[in-house]
Engineer: 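Questions regarding the structure given below will be posed in turn.
Each residue takes its place number in the sequence, starting with 1. Computed from a prediction, not measured in an experiment: that's the story for all the values here.
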Amino acid sequence: KSMANGDVTELLRQWSLGHQDAYERLLPMVYDELRRLASGFLRAERGGHTLQPTALVHELYLRMIDQNRAQWQDRAHFFSVSAKMMRRILVDHARKRIADKRGSGAEHLPLEDALDAPAERDATVLAVDAA
């Protein structure tokens with residue numbers, strides 16, 4: 001093992017034991033590789049994706065910060081879990097985007113109010129047709 005791999009494994013072990021500062025020291029050591037992983041996932045996504053690799057890594061960080069009781073085996077295990085979490089983040093992002101397109105967050109009207117709306121639309125349609 002290289003010293004860097006050994007350092008990462010040792011920091012993962014310390015983090016597993018509940019030493020939160022170990023994760024803070026670990027992140028700079030793995031950041032570039034996490035960013036490359038994120039770039040690979042985003043290349044496979046649709047064009048014009050709103051998430052950037054840096055944002056994906058930062059979202060991963062926010063989700064992983066609470067994982068201090070995970071039993072990390074080694075560096076490879078950490079990156080495997082990181083990849084799965086990134087995939088979940090992308091799936092969650094896609095679900096939210098689809099829900100937004102389907103009216104998630106749209107104002108809900110009482111039925112009585114909704115019944116009045118078609119009459120207004122009918123008048124507009126008639127005016128456009130007359131023009």
Side-chain angles (χ1 to χ4, degrees):
K1 277 186 183 177
S2 74
M3 185 59 161
N5 284 348
D7 290 346
V8 168
T9 300
E10 177 57 25
L11 287 172
L12 287 167
R13 188 189 67 72
Q14 289 178 20
W15 183 28
S16 293
L17 294 172
H19 300 283
Q20 195 58 42
D21 65 311
Y23 186 67
E24 300 300 326
R25 290 181 300 167
L26 172 71
L27 193 60
M29 297 174 78
V30 297
Y31 185 84
D32 288 340
E33 195 163 340
L34 288 173
R35 200 164 183 295
R36 276 191 297 279
L37 189 61
S39 293
F41 275 118
L42 289 168
R43 271 193 300 275
E45 292 289 311
R46 65 178 168 74
H49 201 287
T50 56
L51 275 178
Q52 297 297 317
T54 302
L56 184 53
V57 171
H58 289 199
E59 180 66 27
L60 173 71
Y61 169 80
L62 292 173
R63 292 188 185 195
M64 290 196 93
I65 195 73
D66 295 328
Q67 301 295 320
N68 64 337
R69 294 295 178 196
Q71 296 300 311
W72 301 109
Q73 296 166 11
D74 55 21
R75 186 177 185 281
H77 181 229
F78 172 79
F79 282 106
S80 174
V81 171
S82 296
K84 287 177 186 172
M85 289 182 83
M86 282 184 191
R87 193 76 208 127
R88 282 189 205 130
I89 291 166
L90 290 171
V91 167
D92 291 347
H93 186 77
R95 282 186 180 139
K96 182 183 180 320
R97 195 175 69 79
I98 289 169
D100 288 346
K101 279 186 169 184
R102 291 187 177 159
S104 173
E107 182 181 349
H108 296 279
L109 298 174
L111 185 56
E112 308 81 53
D113 294 348
L115 292 174
D116 292 337
E120 294 170 14
R121 278 190 241 127
D122 289 345
T124 304
V125 169
L126 292 175
V128 169
D129 185 53

Engineer: Residues two or more places apart in sequence or in another chain: which of them pass side-chain hydrogen bond (donor to acceptor under 3.5 Å, both in side chains) with S39?
Structural biologist: none
Engineer: Output the distance between atom CD (Q73) and atom CZ (R13), rounded to the nearest 0.5 Å.
Structural biologist: 14.5 Å
Engineer: Would E33 and R75 pass as an ion pair if we require N to O under 4.0 Å?
Structural biologist: yes
Engineer: How long is the straight-line distance from CG of L27 back to CE of M64, given to the nearest 0.5 Å?
Structural biologist: 10.0 Å
Engineer: Using 0.5 Å steps for rounding, measure from the CZ atom of F79 to the CG atom of L34.
Structural biologist: 5.0 Å
Engineer: Rounded to the nearest 0.5 Å, what's the gap from CG on D21 to CG on L11? Could you check?
Structural biologist: 8.5 Å
Engineer: Taking side-chain hydrogen bond (donor to acceptor under 3.5 Å, both in side chains) as the test, write out the residues that go with R25, two or more places apart.
Structural biologist: Q14
Engineer: At what distance, to the nearest 0.5 angstrom, does CG of L56 lie from CG of L90?
Structural biologist: 5.0 Å
Engineer: Quick one: CG on L60 to CE on M86, what's the gap to the nearest 0.5 Å?
Structural biologist: 5.0 Å
Engineer: What residues, two or more places apart in sequence or in another chain, satisfy side chain to side chain contact (heavy atoms under 4.5 Å, CB included) together with A55?
Structural biologist: L51
Engineer: Hey, any chance L42 and L62 share a hydrophobic cluster, counting ILVMFWY side chains that come within less than 4.5 Å of each other, even indirectly?
Structural biologist: yes
Engineer: Any salt bridge linking D92 with R63? Criterion: basic side-chain nitrogen under 4.0 Å from a carboxylate oxygen.
Structural biologist: yes
Engineer: Between S82 and F78 (side chain of the first, backbone of the second, donor and acceptor by atom type, cut-off under 3.5 Å), is there such a pair?
Structural biologist: yes
Engineer: Between V81 and W72, does the side chain to side chain contact (heavy atoms under 4.5 Å, CB included) criterion hold? Intermediate values first, please.
Structural biologist: CA-CA 9 Å; V81 171; W72 301 109; 3.6 Å; yes
